[in-house]
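One-based numbering, in listed order, for ligands and for the atoms of each.
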Amino acid sequence: MNENNNRAQFTTRLGVIATTVGSAVGLGNIWRFPYEAGTHGGGAFLFTYLCFIFLFGIPILCAEFMIGRQTRSNIFGAFRKLRSSGQWHWVGYIGIGASLMILSFYSVVAGWTLEYLYQSITGALNFSSAEEFHKQFSTFSTGNWRPLMWTIIFLLLNFVIVIRGVQKGIERMSNIMMPCLFIILIIFCINSLMMPGAVDGLKFLFTPDFSKINSSVMIGAMGQAFFSLSLGLGTMLTYGSYFSNRTRIVRSATTTALLDTSVAILAGVIIFPAVFTFGVSPAQGPTLVFEILPNIFSQLPGSIFWSSLFFFLLFIASLSSTISMSEVSIAFFSEEKKMSRKKATWLNTGIALVFGSICALSFGSLSGMTIFGHTIFSLFDYVSSNILLPAGGMFIAFFAGWLLDRNIIKSQLTNDGDVKVHVMKIIIFSLKYIAPIGILLVFLSLINLI
Ligand code: PHE
């Protein structure tokens with residue numbers, strides 16, 4: 001395998017999983033998955049999403065892990081070490097663009113989480129009808145100042161954590177918080193399953209109507225798979241660079257993907273029964289979860305406790321995700337552009353503050369500012385998740401499948417022959433053919449070339 005240099009390494013297997021899951025699990029699972037599934041027909045979306053997780057997600061996750069561990073560097077350094085010629089550094093630029101765009105709009109939603117945490121604690125989320133919850137959220141989100149304030153607060157928190165180098169602390173915190181989140185989601189699931197709309201909700205989520213699978217469902221599901229796994233921008237590659245030589249790559253990738261996917265499905269099982277019980281539309285977009293969840297909580301005994309605990313855990317889950325995406329551009333500015341880490345972190349935060357503010361105002365005074373019919377918020381969301389991440393993933397898969405020395409792949413996947421990997425051929429086949437061609441076909445279907 002590669003030389004073992006002084007780079008810090010994860011010491012335990014649990015450390016590896018906790019950190020990769022900490023990055024993967026976040027608003028993508030609890031906020032984005034239900035709203036995407038809701039706007040794309042439920043079951044048809046879930047089915048397509050699961051196919052993409054298995055066909056592209058797990059193999060590309062393995063590819064990022066092995067390229068990272070082989071080169072022990074960030075995405076730019078990795079391509080430079082493995083292939084000094086060619087234009088491969090462009091994959092790194094795609095990753096940086098994606099990470100900054102995601103950080104910008106993600107912080108807005110993390111800011112909504114903070115507002116709802118605040119409202120939960122003060123007992124303000126106490127309404128009795130779906131209309132009132134709808135009005136509450138829309139008054140808040142169109143009100144400019146509060147969403148802007150929370151976005152800035154969230155980005156500054158992210159900044160302080162990254163600049164003080166206390167990510168490890170947050171990661172340790174999220175090691176405890178993530179299992180808590182999982183448990184509370186299961187409790188909410190049970191609650192939702194007892195609602196009158198449970199059967200309709202579950203039908204909506206789990207019965208795929210295959211006739212609904214069109215290019216918009218496919219591009220949405222593909223983007224969601226990449227977004228949710230933090231894939232295609234170099235985040236997981238960087239984590240791979242900290243793996244010890246004993247870490248089992250295929251097993252880590254599979255465990256991460258399965259845990260991440262279960263959280264998304266749990267979120268769906270919580271949301272859709274409630275959507276049908278409250279008689280609201282599942283296709284209302286990014287606001288869905290923030291109107292449904294508080295409504296669910298308000299009906300539980302001890303609602304202030306549940307609601308505060310949930311939004312707090314969601315906030316920590318968001319923070320462990322933004323820390324991981326910030327690392328992509330900070331590593332670029334500091335390791336490649338030779339800035340001090342402090343300056344690099346400032347720059348990362350500065351850019352996100354500018355674009356994050358515009359995204360925050362996209363629901364209020366900038367709602368009329370649209371490009372191709374998208375507000376800036378939804379444009380950032382769409383372009384980064386649905387285009388940039390899969391494009392990055394396509395190149396990473398192509399690189400691993402066609403250009404990476406086969407012996408490197410074998411030694412990385414088997415830890416120099418120490419572990420047997422039965423699915424090795426399948427992974428290589430996917431990286432060579434299924435993932436790059438599949439992603440390309442989904443892109444082509446979008447521009448109606450097929
Ligand atoms: N996967 C994270 C989530 O689901 C979002 C993310 C995307 C994190 C890309 C890092 C990089 O919330």
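The closest donor-acceptor contact from the side chain of Ser228 to the backbone of Ala225 lies at 3.5 Å or more, if one exists at all. For the pair Arg69 (side chain) and Ser244 (backbone), a donor-acceptor distance under 3.5 Å is present. A donor-acceptor distance shorter than 3.5 angstrom exists from the side chain of Ser320 to the backbone of Gly22, with no hydrogens or angles considered.
In summary, the aromatic rings of Phe297 and Phe188 are positioned with their centroids under 6.0 Å apart. Here the two rings, on Phe105 and Phe355, have centers that are 6.0 Å apart or farther.
The residues Glu327 and Arg341 are annotated as salt-bridged, a charged nitrogen and a carboxylate oxygen being separated by less than 4.0 angstrom.
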For ligand 1, output the ligand-protein N/O contacts shorter than 3.5 angstrom; if there are none, return none.
| unit_1 | atom_1 | unit_2 | atom_2 | d |
| --- | --- | --- | --- | --- |
| ligand 1 | 1 (N) | Ser23 | O | 3.4 |
| ligand 1 | 1 (N) | Ala24 | O | 3.0 |
| ligand 1 | 1 (N) | Phe227 | O | 2.8 |
| ligand 1 | 1 (N) | Ser228 | O | 3.1 |
| ligand 1 | 1 (N) | Ser230 | OG | 3.0 |
| ligand 1 | 4 (O) | Ala24 | O | 2.8 |
| ligand 1 | 4 (O) | Gly28 | N | 3.3 |
| ligand 1 | 4 (O) | Asn29 | OD1 | 3.3 |
| ligand 1 | 12 (O) | Leu27 | N | 3.2 |
| ligand 1 | 12 (O) | Gly28 | N | 2.9 |
| ligand 1 | 12 (O) | Tyr106 | OH | 2.5 |

